[in-house]
Amino acid sequence: MKLYITLQSEAFLWQDLERLAQEKEVLAVFRSPEPRFAVETKYPRFRIQKARAARWSTVFWSQITGSTQQFETHTQVQIRVGFTSEAQLRNAIAGVFLLVWPPFWFMLINPSNWVWALPLTIVFGNVVAIIIYWPIWIFKDFLVKRWKLKPQKH
């Protein structure tokens, strides 16, 4: 877990967690407003899961788990950003798809295909990684800016 400090009080951060839990927005066209975040708290620990619209339902894709500790001059916040268990399952299913990725098999069957199949696989893999990890990076930046967190130097 990464350590951050903020000049915000611990009470303010916990009130903000309550505000996050009550935020609603339309996540997909033709749907009614839904909770944007699922927030669970058990002092001093918290977990925030961010909703993402899927085709037929809403899934919670990324999550931040952490804890807070109040000091005289600042509040220390410890956070870890990652995927929810639902997202991990979907990522595993997508990983199975990569096993049937045709250029991968062309590379194994005929070594001369490596010339075109390897660069194509690398580009495709990078695009997939960016699509999968982008919500995680954005979610972390969102919380860092909202709570005005600064990395703690060791």
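Sequence positions, counted from 1, serve as the residue numbers for this chain. Being a predicted model, the structure only gives us computed values, none of them experimental.
To the nearest 0.5 Å, atoms CG (L20) and CZ (F142) are separated by 5.0 Å.
Using a 30° and 60° split on the angle between ring planes, W14 and Y43 fall in the tilted class, from 30° to 60°.
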For this session: Starting from the C-alpha separation in whole Å, work towards a yes-or-no answer on side-chain contact (heavy atoms from CB on, under 4.5 Å) for L7 and K148.
Result: CA-CA 8 Å; L7 297 177; K148 299 178 179 122; over 6 Å; no

Problem set entry | Verdict with reasoning, L13 to T6, per side-chain contact (heavy atoms from CB on, under 4.5 Å) | CA-CA 10 Å; L13 300 180; T6 182; 4.1 Å; yes

For this session: Please step through side-chain contact (heavy atoms from CB on, under 4.5 Å) for the pair V81 and K2, ending with a clear verdict.
Result: CA-CA 9 Å; V81 185; K2 192 162 184 180; over 6 Å; no

Exercise. Are R45 and T65 close enough, and set up right, to give a side-chain contact (heavy atoms from CB on, under 4.5 Å), and what steps lead you there?
Worked result: CA-CA 8 Å; R45 301 186 188 287; T65 55; over 6 Å; no

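In terms of heavy-atom proximity, A51 sits nearest to P35 at CB-O, 3.8 Å. Looking at every heavy atom in both residues, P103 comes nearest to T121 through CB-OG1, 3.7 Å.
In this structure, the ring of F139 has its center no less than 6.0 angstrom from the ring center of Y133.
Cluster membership check: L89 does not share its hydrophobic cluster with V128, using side-chain heavy-atom separations under 4.5 Å among Ile, Leu, Val, Met, Phe, Trp and Tyr. The hydrophobic cluster containing F60 does not contain I79, counting ILVMFWY residues as joined when their side-chain heavy atoms lie under 4.5 angstrom apart, directly or transitively.
Tested against T75, the residues Q70, E10, Q8 include a single side chain to side chain donor-acceptor pair (under 3.5 Å) partner, Q70.
The shortest distance between side-chain heavy atoms of V39 and F46 does not fall below 4.5 Å.
Not counting sequence neighbours, the partners of D16 by the salt bridge (Lys or Arg N to Asp or Glu O under 4.0 Å) test are R19, R146.
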